[in-house]
There are 4 protein chains.
Amino acid sequence: MNDRSETAARKIEARLPPNVAADGVRRRILEGALRLFATRGFHGTSMRDLASSIELQPSAVYVHFASKEHLLAELVRAGHEAHHEEIRTALLEAGADPVAQLRALVRAHARMHTRYPDLAIVVNTELETLSPELAAPGLALRKQSVALLVAVIERGTAMGCFSPPNTSVVAAAIGAIGLRIPHWYSPELGISPDDLAEIHVQLALRMLGTHLAKDTAP
Amino acid sequence: MNDRSETAARKIEARLPPNVAADGVRRRILEGALRLFATRGFHGTSMRDLASSIELQPSAVYVHFASKEHLLAELVRAGHEAHHEEIRTALLEAGADPVAQLRALVRAHARMHTRYPDLAIVVNTELETLSPELAAPGLALRKQSVALLVAVIERGTAMGCFSPPNTSVVAAAIGAIGLRIPHWYSPELGISPDDLAEIHVQLALRMLGTHLAKDTAP
Amino acid sequence: MNDRSETAARKIEARLPPNVAADGVRRRILEGALRLFATRGFHGTSMRDLASSIELQPSAVYVHFASKEHLLAELVRAGHEAHHEEIRTALLEAGADPVAQLRALVRAHARMHTRYPDLAIVVNTELETLSPELAAPGLALRKQSVALLVAVIERGTAMGCFSPPNTSVVAAAIGAIGLRIPHWYSPELGISPDDLAEIHVQLALRMLGTHLAKDTAP
Amino acid sequence: MNDRSETAARKIEARLPPNVAADGVRRRILEGALRLFATRGFHGTSMRDLASSIELQPSAVYVHFASKEHLLAELVRAGHEAHHEEIRTALLEAGADPVAQLRALVRAHARMHTRYPDLAIVVNTELETLSPELAAPGLALRKQSVALLVAVIERGTAMGCFSPPNTSVVAAAIGAIGLRIPHWYSPELGISPDDLAEIHVQLALRMLGTHLAKDTAP
DNA sequence: TATGAATGAGTCTTCATTCAT
DNA sequence: AATGAATGAAGACTCATTCAT
């Protein structure tokens with residue numbers, strides 16, 4: 001039950017977050033891989049596809065990356081780190097109020113998915129494709145990000161700000177609505193990324209049963 | 001920002017919905033394909049993998065299916081049809097009350113994802129893998145399912161039952177929450193499938209800002 | 001300081017010992033591999049070379065052998081086992097006399113190298129090419145074969161039949177003269193394989209300083 | 001039927017004979033190539049392997065050698081020339097006595113193989129790897145070396161010093177015994193290179209059936 | 001209905017080598 | 001003299017699929 005054409009988000013150029021320190025050919029390879037992995041999947045993309053999409057010989061890719069899997073690993077690493085850093089920073093700047101924290105976190109989560117839709121798809125679809133060693137750092141960051149969200153919810157609940165029906169289910173739900181963004185959202189839909197983030201904030205607060213009426217009003 | 005081991009849902013046997021009229025070897029092939037496509041993806045699964053997982057020669061699979069893609073197509077068809085039929089039926093049995101309709105729809109959506117987690121993964125991950133002709137029926141059903149949800153929300157809103165911040169975003173959110181179930185849910189978590197469905201109903205009603213307080217109690 | 005054209009022995013068809021239980025295509029593959037590995041070396045032979053030399057697609061080779069290395073391993077196994085079996089049997093049939101034992105052993109050693117020259121080359125050139133696990137059985141048999149020779153020499157020396165200047169050097173020398181056969185010998189040289197074996201027996205007995213004059217006379 | 005660990009000789013540093021007029025990087029390249037070609041074979045060694053073993057970029061090797069094959073050709077040339085020169089000189093210094101000549105020749109042959117084991121392996125294993133033009137000089141020298149040995153044997157036989165069962169077989173045997181040295185010999189075995197050479201002399205004289213008993217004493 | 005052998009295109013990757021710097 | 005990036009051919013091997021049995 002997802003929506004719109006699956007390719008809506010593709011119109012947005014494959015974009016890499018700032019924590020990818022790569023330029024020149026290496027960057028073009030990462031961008032090409034990002035686009036193709038997001039579109040056709042890792043196993044659905046051949047090195048020939050990738051190389052020719054950026055007008056390179058397949059062998060030239062190996063000058064910059066040890067293997068197709070390492071290429072994916074770099075994207076997955078960058079995606080996870082950027083995401084985690086983003087929500088961690090948002091949280092730090094939000095102060096002590098659980099509601100403000102929740103707002104900041106959901107906003108950051110949504111923003112990452114509108115800003116880097118291809119990367120979000122690759123990170124979420126292909127993490128398990130990596131060998132355990134290469135997947136480990138991503139899995140660890142993911143766990144930490146969820147733990148942050150759960151902690152905010154639990155603290156807010158203890159302080160009487162939230163009354164979720166079930167903490168972990170709501171946490172999963174909040175995660176899920178952001179995760180799904182790249183599959184249907186496009187700025188051409190008439191909703192700006194900021195608007196979308198704010199709507200997601202609203203939805204999250206509603207799901208949590210926030211008790212500060214003024215905050216939850218549209 | 002999804003959680004738990006990604007493989008939690010795998011413990012549940014690969015299951016096919018009742019609208020798959022296949023038995024004997026044909027059924028075993030579909031079940032094996034379902035498990036493998038869900039775990040490793042369509043392109044990550046070879047016909048050899050599939051055949052050997054059910055102790056068959058690759059060539060024997062072609063006695064039952066014209067191609068690997070047709071195998072996927074059958075799974076995707078069955079998944080989409082079962083899902084659509086399920087929510088259509090739920091809606092029909094719910095009467096005319098938008099809140100009751102919403103409840104029925106969300107419940108059915110969640111149930112499909114706890115009952116057929118592998119199928120849900122395959123349907124959502126690999127639909128675009130199919131050729132346009134084979135993907136078309138699935139895309140059509142998907143559109144219809146979303147239209148049903150949107151219609152319920154719009155009617156409920158018009159009747160003053162709901163006050164969503166944005167109809168299509170909430171529709172996407174409701175879809176997303178269910179879609180994510182196979183990636184984290186396991187009955188061993190201490191939540192029964194029915195409990196989960198009810199919590200999802202709660203969350204949907206909260207997101208919609210339902211105005212009949214008594215309705216939101218389980 | 002080896003002699004004649006290096007390719008003299010090549011005129012002899014690539015031959016497999018009887019302990020290779022393979023027929024049809026599998027046998028043709030082994031024979032082709034034997035000829036090519038002996039001529040160009042393992043790393044100098046591509047699967048394409050091999051396949052096309054027996055009019056097969058490269059992929060068809062994989063129906064019969066798991067890898068190029070397994071193909072080599074089978075040749076090396078067969079070669080070592082045949083050689084060891086041959087000298088073990090010769091020894092058993094030779095009775096208790098050290099001189100007779102030595103004769104039998106050298107004869108068998110020489111015969112294996114005239115009968116299976118390509119296999120001898122492959123076995124001796126490419127054993128170390130194999131991974132440790134695949135090389136281990138060959139190395140073990142080789143050790144046993146040398147041990148047999150050394151035991152015969154030591155027993156004969158203790159019994160006063162032999163007076164070698166140095167047991168292990170003579171053992172190495174006896175091994176060496178046989179090992180070199182495939183690199184220079186051809187029946188067209190006017191020496192029959194049996195003649196060559198007898199000459200090698202003579203040379204071995206002379207190196208050992210055998211004290212039964214009648215045996216060492218040409 | 002050769003013995004000891006095949007890698008015993010590897011402990012000896014890859015060494016080049018004095019007729020290799022190369023210093024600095026060019027020499028390091030030759031030494032690295034020598035070690036690797038001896039260990040893994042020419043086709044089993046890549047230019048990357050070679051370059052990285054001496055901490056150079058592959059492209060830097062081409063500053064000093066036109067191609068991988070020319071590198072091998074230089075080693076093969078040096079090996080053959082050094083070997084031939086050594087036995088030619090030994091022969092010249094031996095005087096007119098066939099027995100003394102034989103002694104000198106065998107001694108020189110053995111010494112070359114203890115002193116330059118890697119080079120001996122490369123020369124004997126990879127000569128045929130070279131293109132006919134590049135292999136020709138080596139083949140010519142080899143023929144000459146064998147001719148020298150055969151001439152000594154024939155002259156000694158004519159003079160009544162030797163009574164070999166078969167001249168060319170004994171010549172091949174004498175060659176073979178030396179050729180095999182790098183595959184089993186190590187000074188750590190408790191035999192000095194000089195000792196080994198003397199034992200080889202003994203063995204050669206015994207094979208030839210030398211008639212001057214006093215000559216066979218060391 | 002299922003097999004085992006085969007195909008030919010395709011997989012990822014490495015090769016020796018070149019070239020601008 | 002050496003590098004780093006690139007090339008194009010070739011490497012071993014796997015792919016989905018076919019077909020005679």
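A, B, ... follow the sequence lines: proteins, then strands. Residue 1 opens every chain.
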inquiry  = Using whole Å, what does the distance between atom C1' of nucleotide F:dT7 and atom CD of A:Glu55 come to?
reply    = 15 Å
message = Looking at C:Arg48, I'd like to know whether one of its side-chain N or O atoms comes within less than 4.0 Å of OP1 or OP2 on F:dG11.
response = yes
request  = Would you give the length of the straight line joining atom CD of A:Glu31 to atom CG of A:Leu119, rounded to the nearest 0.5 angstrom?
outcome  = 11.5 Å
request  = Report yes if at least one side-chain N or O of C:His64 is closer than 4.0 Å to OP1 or OP2 of E:dG4; otherwise report no.
outcome  = no
query = Quick one: C:Leu50 CG to F:dC13 P, roughly how many Å, whole number?
reply = 11 Å
note = Separation between CD1 (B:Ile29) and CG (B:Leu75), nearest 0.5 Å, reads 11.0 Å
key: 5'-most by nearest nucleotide on DNA chain E - D:Phe42 or A:Ser67   = A:Ser67
remark   = Note: for C:Tyr62 and D:Pro58 on DNA chain F, the residue whose nearest nucleotide lies more 5' is D:Pro58
request  = Specify the separation, in whole Å, of atom CZ of B:Arg40 and atom P of F:dT14.
outcome  = 14 Å
ask   = What is the distance, rounded to the nearest whole Å, between atom CG of C:Leu36 and atom C1' of F:dA12?
value = 16 Å
ask   = Can you tell if the side chain of D:Val122 reaches within under 4.5 Å of the side chain of D:Leu127, non-hydrogen atoms only?
value = no
task = Could you tell me the separation between the NZ atom of A:Lys68 and the CG atom of A:Leu50, rounded to the nearest 0.5 Å?
result = 9.0 Å
query = Can you check whether D:Ser46 has a side-chain N or O nearer than 4.0 Å to OP1 or OP2 of E:dT14?
reply = no
Protein-nucleotide distance (C:His70, atom NE2; F:dA12, atom P), rounded to Å = 16 Å
query = Would you say the side chain of A:Val25 lies within less than 4.5 Å of the side chain of A:His64, judging by non-hydrogen atoms?
reply = yes
note = Of C:Asp49 and A:Val25, the one whose closest nucleotide on DNA chain F sits nearer the 5' end is A:Val25
query = Nearest to the side chain of C:Met47 - F:dC13, E:dT7, E:dC12?
reply = F:dC13
inquiry  = Could you check whether any side-chain heavy atom of C:His43 comes within less than 4.5 Å of a side-chain heavy atom of D:Phe42, counting everything from C-beta outward?
reply    = no
message = Counting only side-chain heavy atoms from C-beta out, which of F:dC19, E:dA16, E:dT1 sits nearest to B:Ser59?
response = F:dC19
ask   = Starting at the 5' end of DNA chain E, which residue's closest nucleotide do you reach first, C:Val61 or B:Arg28?
value = B:Arg28
request  = Specify the separation, in whole Å, of atom NE2 of A:His43 and atom P of E:dC12.
outcome  = 10 Å
message = Quick check on E:dA6: is either OP1 or OP2 less than 4.0 Å from any side-chain nitrogen or oxygen of C:Gln57?
response = no
remark   = Re F:dA12: Watson-Crick or G-U wobble partner, both distances kept under 3.5 Å, found to be E:dT11
remark   = Checking F:dT17, E:dC15, E:dC12 against the side chain of B:Lys68 (C-beta onward), the nearest is F:dT17
Separation of F:dA6 P from A:Ile54 CD1 (nearest whole Å) = 10 Å
key: Rounded distance in Å - CG (B:Leu56) to P (E:dG4)   = 11 Å
remark   = Across every strand shown, the nucleotide meeting Watson-Crick or G-U wobble geometry with E:dT21 (both distances under 3.5 Å) is F:dA2
